[in-house]
Amino acid sequence: MSRILVTGGAGYIGSHTIVELLSAGYEVVSVDNYSNSTPAVYEGIEKICGKKPLIAEEDCCDKASMSKQFEQYGHVDAVIHFAAGKAVGESVEQPLRYYRNNLNSLLTVLALMEEFGVGKLVFSSSCTVYGQAQSLPVTEESPLLPATSPYGNTKQICEEIIRDTVAATAIKAISLRYFNPIGAHPSAMIGELPRGTPQNLVPFITQTAAGIRPQLQVFGNDYRTPDGSCIRDYIYVVDLAKAHVAAVERMLQGLQKSSYEIFNLGTGTGRSVLELIKAFEQVTGKPLPYQITGRRAGDIEQIWADPSKANQALKWKADTPLQTILQSAWEWQLMIPHYHNLHPFARKTVAADGLSG
Ligand code: NAD
Ligand code: WQD
């Protein structure tokens with residue numbers, strides 16, 4: 001049985017990936033410092049899979065502690081590195097925190113992989129590295145534009161750190177550039193728990209539908225898109241999680257075409273904000289209150305992926321229908337209040353936002 005070390009395993013994408021890894025028969029060690037999550041997520045994973053990963057509470061930037069995990073868990077076949085801060089606005093306000101955490105956690109993991117002879121890394125990158133591409137859809141060959149936030153810059157720098165490390169060591173790597181992950185596991189046992197007021201569209205939509213927010217603000221309807229609202233490539237988090245298993249398998253089977261590969265993970269279809277609202281209204285059967293407001297600073301107009309490289313190489317496709325994805329997001333939203341009893345983190349963050357927990 002292959003053993004995979006997952007950093008940031010208690011987070012949104014990490015937890016869904018652990019479910020897919022355990023279901024595929026992998027042994028998983030999950031390392032997280034719970035800076036943006038809670039260990040209660042492992043109970044959800046156990047309910048889904050009938051088993052938990054091996055669990056360690058550590059800061060990935062702490063080399064001495066992480067070294068003990070590498071020692072304790074002996075041989076690890078691959079590392080999937082999710083652990084990072086991910087809030088764009090927060091990274092603008094606290095750039096040093098983002099550079100310190102996102103770069104140091106990767107540097108620490110790479111150093112320990114080299115030290116302990118672990119040769120395979122899967123890294124969480126982001127479509128943010130493309131900025132507003134001149135031509136759509138974006139392929140992996142599309143130029144990377146200067147990052148518009150410290151967060152985005154950390155992803156570009158991390159990709160460069162990996163490229164240089166792979167060139168100089170025995171480590172091989174795959175960077176996965178996620179487009180916009182949404183939705184939750186169909187069991188509604190795990191999902192995204194946004195801190196405070198959600199910045200991302202779908203958690204804001206579901207909180208509005210649940211009556212937690214009075215209305216959604218649509219950030220602009222004067223873009224050069226068919227309905228004037230921004231376009232993104234929304235990918236189901238479970239499809240995304242499955243791509244990680246495919247990436248690990250590609251590495252373990254020695255199928256990589258080069259020591260460092262990069263894949264876009266998207267659906268290949270761009271959807272507008274207004275389209276998403278309409279699709280969500282169909283799921284709940286009631287209108288979603290929204291208001292068109294001004295553009296959000298830093299937003300790009302439109303982007304979607306050309307995922308054909310991942311489709312072919314990983315034998316993977318993100319094909320869950322949008323309605324199913326939004327249904328899962330809604331079911332998860334309805335589950336969150338029940339989850340609060342188990343989940344002090346969620347209660348605390350919702351309360352911090354002045355809302356009832
Ligand atoms: P998340 O915040 O839910 O998960 C990240 C996890 O990492 C959290 O559990 C957090 O507690 C943990 N963590 C952070 N720093 C750590 C550290 N130093 N040591 C140990 N644990 C640490 O975020 P997510 O949405 O699951 O994102 C996972 C990865 O995917 C991140 O690298 C993120 O940048 C990337 N990504 C996310 C999105 C998105 O929209 N969610 C899109 C593209 C890329
Ligand atoms: C989607 C669309 C908004 C909220 C972010 C990061 C990116 C990546 C994915 C990590 C946009 C509109 C949103 C709202 C709205 N993460 N919107 N009202 O900005 O595409 O990407 O998450 O790597 O780096 O920047 O996602 O969900 O915030 O926004 O109208 O209340 O929804 O303008 O067009 P975004 P998002």
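Every number for a ligand or one of its atoms is a count from 1 in the order of the listing.
Contacts of E301 classified as side-chain contact (heavy atoms from CB on, under 4.5 Å), with partners at least two apart in sequence or in another chain: Q132, Y223, R224, T225.
For atom 13 (N) of ligand 1, the closest non-hydrogen atom of the protein is N33 OD1, 3.5 Å. The protein heavy-atom contact nearest to atom 8 (C) of ligand 1 is D32 OD2, 3.5 Å. F82 O, 3.8 Å is the protein heavy atom nearest to atom 28 (C) of ligand 1. Among protein heavy atoms, the minimum distance from atom 3 (O) of ligand 1 is reached at Y12 N, 2.8 Å.
Contact analysis puts S125 in contact with ligand 1, with a non-hydrogen atom separation below 4.0 angstrom. For T7, the closest heavy-atom approach to ligand 1 does not fall below 4.0 Å. Ligand 1 lies out of reach of R177, whose nearest heavy atom is not under 4.0 Å from it.
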S30 vs Y42, test: side-chain hydrogen bond (donor to acceptor under 3.5 Å, both in side chains). Steps then yes/no. CA-CA 10 Å; S30 177; Y42 299 120; 2.8 Å; yes
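For residues 136-173, there are no ring pair (Phe, Tyr, Trp, His ring centres under 6.0 Å) pairs, not counting sequence neighbours. The stretch residues 133-145 participates, sequence neighbours left out, in no side-chain hydrogen bond (donor to acceptor under 3.5 Å, both in side chains) pair at all.
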Are there any N/O pairs under 3.5 Å between ligand 2 and the protein, and if so, what are their distances?
{"from": "ligand 2", "atom 1": "18 (N)", "to": "Q217", "atom 2": "O", "distance (Å)": "2.7"}
{"from": "ligand 2", "atom 1": "19 (O)", "to": "R296", "atom 2": "NH2", "distance (Å)": "2.9"}
{"from": "ligand 2", "atom 1": "20 (O)", "to": "N180", "atom 2": "ND2", "distance (Å)": "3.0"}
{"from": "ligand 2", "atom 1": "20 (O)", "to": "R232", "atom 2": "NE", "distance (Å)": "2.5"}
{"from": "ligand 2", "atom 1": "22 (O)", "to": "N200", "atom 2": "ND2", "distance (Å)": "3.4"}
{"from": "ligand 2", "atom 1": "23 (O)", "to": "S126", "atom 2": "OG", "distance (Å)": "2.7"}
{"from": "ligand 2", "atom 1": "23 (O)", "to": "Y151", "atom 2": "OH", "distance (Å)": "2.5"}
{"from": "ligand 2", "atom 1": "26 (O)", "to": "N180", "atom 2": "ND2", "distance (Å)": "3.1"}
{"from": "ligand 2", "atom 1": "27 (O)", "to": "N200", "atom 2": "ND2", "distance (Å)": "3.2"}
{"from": "ligand 2", "atom 1": "27 (O)", "to": "L201", "atom 2": "N", "distance (Å)": "2.8"}
{"from": "ligand 2", "atom 1": "28 (O)", "to": "Q199", "atom 2": "O", "distance (Å)": "3.3"}
{"from": "ligand 2", "atom 1": "28 (O)", "to": "N200", "atom 2": "ND2", "distance (Å)": "3.2"}
{"from": "ligand 2", "atom 1": "28 (O)", "to": "R296", "atom 2": "NH1", "distance (Å)": "3.4"}
{"from": "ligand 2", "atom 1": "28 (O)", "to": "R296", "atom 2": "NH2", "distance (Å)": "2.9"}
{"from": "ligand 2", "atom 1": "29 (O)", "to": "R296", "atom 2": "NH2", "distance (Å)": "3.4"}
{"from": "ligand 2", "atom 1": "30 (O)", "to": "Q217", "atom 2": "O", "distance (Å)": "3.3"}
{"from": "ligand 2", "atom 1": "30 (O)", "to": "F219", "atom 2": "N", "distance (Å)": "3.0"}
{"from": "ligand 2", "atom 1": "33 (O)", "to": "D299", "atom 2": "OD2", "distance (Å)": "2.5"}

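Remark: K278 NZ is loosely packed, at most 12 non-hydrogen atoms of other residues, nucleotides or ligands lying under 6.0 Å away.
Between K51 and E27, none of the side-chain N atoms (NZ, or NE/NH1/NH2) sits under 4.0 Å from a carboxylate O, so this pair counts as no salt bridge. Ion pairing of R271 with D233 is absent here, as no side-chain N (NZ or NE/NH1/NH2) approaches a carboxylate O to less than 4.0 Å.
At a 3.5 angstrom cut-off on N or O pairs, A83 does not count as close to ligand 1.
D59 and S65 are not linked by any side-chain donor-acceptor pair at a separation below 3.5 angstrom, with hydrogens and angles left out of the test. Side-chain contact, Q323 with Q282: a donor N or O sits under 3.5 Å from an acceptor N or O. Of the N and O atoms on the side chains of E57 and Y34, not one donor lies less than 3.5 Å from an acceptor on the other residue. Q94 and Y99 are not linked by any side-chain donor-acceptor pair at a separation below 3.5 angstrom, with hydrogens and angles left out of the test.
With ligand atoms numbered from 1 in the order given, ligand 1 contributes 19 (N), 20 (C) to contacts under 4.0 Å with heavy atoms of E58. Numbered from 1 in the order shown, with element, the atoms of ligand 1 that lie under 4.0 Å from a heavy atom of D59 read 17 (C), 18 (N), 19 (N). Short contacts between ligand 1 and S35, defined as distances under 4.0 Å to a heavy atom of the residue, involve ligand atoms 10 (C), 11 (O), 13 (N), 14 (C), 15 (N). Here is the list of ligand 1 atoms found below 4.0 Å of a heavy atom in C60: 17 (C), 18 (N), 19 (N), 20 (C). Each of the atoms 29 (C), 30 (O), 32 (O), 35 (C) of ligand 1 lies under 4.0 Å from some heavy atom of S124. Counting the atoms of ligand 1 from 1 in the order shown, those under 4.0 Å from a heavy atom of Y34 are 11 (O). Against a heavy-atom cut-off of under 4.0 Å, S37 is close to the following atoms of ligand 1: 8 (C), 9 (O), 11 (O). Residue-ligand proximity, A10 to ligand 1, at heavy-atom distances under 4.0 Å covers atoms 9 (O).
Checked against the 6.0 Å centroid criterion, the rings of H16 and F82 do not qualify as a close aromatic pair.
For K309 and F263, the positive end sits near the middle of the six-membered ring, less than 6.0 Å away and at most 45° from its axis.
Residue contacts with ligand 1, taken as heavy atom pairs separated by less than 4.0 Å, do not involve N104 at all.
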